[in-house]
Amino acid sequence: MSKSNNTVSVSFMILGILFCVCLVAANLLESKVVQIGQLTVTAGLVVFPISYIINDCIAEVWGFKKARLIIWMGFLMNFLVVLLGQIAIILPAAPFWKGEEGFNFVFGMAPRIAAASLLAFLVGSFLNAFVMSKMKKASNGKHFSIRAIASTLVGESADSLIFFPIAFGGLIPVDELLKMMLIQAILKTLYEVIILPVTIKVVNYIKKVDGSDVFDDNISYNVLKVKEI
């Protein structure tokens, strides 16, 4: 069964809101580099993979067109948060407030991190949705697990290859940067694999409740055609 009209369901709206929140939170958390044992990663690893899982769900249930819509919405919401953060930095701090240095560090780095993250996010997310869409058609809707893992691996790899050089180039030694890129791509994909049983249940539940299971036949994969939902 497939719904191809211009309406959105409550399920889609909830996933869309969660997607935007995860993206904004991830970009703020990316400003902290943490070390767990021998692994050096950014704190954004805690939440960012969730956005790819949601991307998989949306692309699987509602198709590439609605995935395209929500990806651009995530982009715009994050841009708005960064813009508001810059306005907050410009405003004079109260003389008794002691948190300006920490606040400015997080939101002061935000433009560079946001630029890197948004570019990486757009490329990675659209690649993820594209691979999901194409593989679904090729497999006639079968083998969701394989499609979810493969699309995440492609998307997360592209994301890491773009994000780290732009966000941390010149701030982190090159060897550490390369190591972080590899580790992040692997861990984010592993995250997808571990939570896959939950993802499958969510997708099956939404398909049943929403009555939607879109196959992207004869559509445009032009990422700029946002009005086509």
Side-chain angles (χ1 to χ4, degrees), residues 1-4 8-9 11-23 25-26 41 44-75 117 120-163 181-217 219 221 223 229:
M1 185 181 298
S2 175
K3 293 181 180 179
S4 57
V8 294
S9 65
S11 299
F12 178 82
M13 183 178 68
I14 292 172
L15 284 181
I17 292 170
L18 183 59
F19 181 85
C20 292
V21 169
C22 288
L23 177 61
V41 297
L45 181 65
V46 174
V47 66
F48 190 75
I50 298 175
S51 67
Y52 272 80
I53 294 169
I54 297 173
N55 191 339
D56 285 345
C57 292
I58 292 175
E60 172 68 17
V61 177
W62 295 286
F64 183 85
K65 290 182 179 180
K66 284 188 170 63
R68 175 173 54 201
L69 171 66
I70 209 62
I71 289 168
W72 280 115
M73 280 302 300
F75 177 95
S117 183
F121 159 75
L122 285 176
V123 175
S125 295
F126 279 122
L127 280 174
N128 183 84
F130 176 79
V131 171
M132 278 291 293
S133 174
K134 286 293 190 180
M135 289 186 70
K136 183 175 183 178
K137 288 178 61 179
S139 65
N140 196 29
K142 299 177 181 178
H143 312 303
F144 173 76
S145 298
I146 296 174
R147 290 187 280 114
I149 294 172
S151 62
T152 297
L153 182 60
V154 171
E156 294 288 11
S157 297
D159 184 281
S160 294
L161 286 171
I162 294 171
F163 173 75
M181 290 166 61
L182 179 61
I183 290 172
Q184 291 266 130
I186 293 174
L187 289 181
K188 287 177 180 178
T189 304
L190 184 60
Y191 194 124
E192 167 87 34
V193 174
I194 292 173
I195 205 169
L196 189 58
V198 176
T199 306
I200 293 172
K201 288 184 178 180
V202 170
V203 166
N204 290 337
Y205 175 78
I206 294 174
K207 284 182 178 180
K208 181 179 179 181
V209 171
D210 200 72
S212 182
D213 188 6
V214 172
F215 284 77
D216 291 320
D217 297 316
I219 70 162
Y221 287 100
V223 300
I229 62 172

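For clarity, every value in this text was computed on a predicted model and none was experimentally measured. Only heavy atoms go into these numbers, but all of them, side chains included; no hydrogens, no water, no symmetry mates. Numbering of residues begins at 1 and proceeds along the displayed sequence.
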Between D210 and I206, is there a donor-acceptor pair closer than 3.5 Å when you use the side chain of the first and the backbone of the second?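 Not confirmed, D210 side chain does not pair with I206 backbone.
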Ignoring hydrogens, what is the shortest heavy-atom contact between [X] and [Y]? Give both atom names and the distance.
X: S212; Y: V214; answer: OG-CG2, 3.7 Å
X: M135; Y: A150; answer: SD-CB, 3.9 Å
X: A25; Y: V47; answer: C-CG1, 4.2 Å
X: L23; Y: G74; answer: CD2-O, 3.2 Å
X: S125; Y: N55; answer: O-ND2, 3.1 Å
X: V203; Y: C57; answer: CG2-SG, 3.6 Å

Roughly how far apart are [X] [atom1] and [Y] [atom2], rounded to 0.5 Å?
X: I71; Y: C20; atom1: CD1; atom2: SG; result: 11.0 Å
X: I58; Y: K65; atom1: CD1; atom2: NZ; result: 16.0 Å
X: M13; Y: I17; atom1: CE; atom2: CD1; result: 5.0 Å
X: E192; Y: S151; atom1: CD; atom2: OG; result: 6.5 Å
X: T189; Y: L153; atom1: OG1; atom2: CG; result: 4.5 Å

Decide yes or no on side chain to side chain contact (heavy atoms under 4.5 Å, CB included) for Y191 and L187, but give the supporting numbers first. CA-CA 6 Å; Y191 194 124; L187 289 181; over 6 Å; no
Heavy-atom count check: over 12 atoms from other residues, nucleotides or ligands less than 6.0 Å from Y221 OH? yes
Side-chain heavy-atom pair [X], [Y] within 4.5 angstrom cut-off:
X: F163; Y: S160; result: no
X: I50; Y: I54; result: yes
X: L196; Y: F144; result: yes
X: V123; Y: D159; result: no
X: E60; Y: R147; result: yes

Residue pair T199 / D56, side-chain donor-acceptor N/O under 3.5 Å: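 No, D56 and T199 have no side-chain donor paired with an acceptor closer than 3.5 Å.
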So D213 and W62, side chain to side chain donor-acceptor pair (under 3.5 Å) or not? Walk me through it. CA-CA 6 Å; D213 188 6; W62 295 286; over 6 Å; no
Among W72, Y52, F121, which residue satisfies the ring pair (Phe, Tyr, Trp, His ring centres under 6.0 Å) criterion with F19? F121
Report the C-alpha separation of F130 and V154 in whole Å, then their side-chain angles, then the decisive distance to 0.1 Å, and conclude whether the side chain to side chain contact (heavy atoms under 4.5 Å, CB included) test is met. CA-CA 10 Å; F130 176 79; V154 171; over 6 Å; no
Non-neighbouring partners of D217 that pass side-chain contact (heavy atoms from CB on, under 4.5 Å), sequence neighbours left out: K137, F215
For the pair N128 and T152, evaluate side chain to side chain contact (heavy atoms under 4.5 Å, CB included) and give the outcome as yes or no after the intermediate values. CA-CA 6 Å; N128 183 84; T152 297; 3.8 Å; yes
Go through K136 and D216 one step at a time and tell me if the side chain to side chain contact (heavy atoms under 4.5 Å, CB included) criterion holds. CA-CA 8 Å; K136 183 175 183 178; D216 291 320; over 6 Å; no
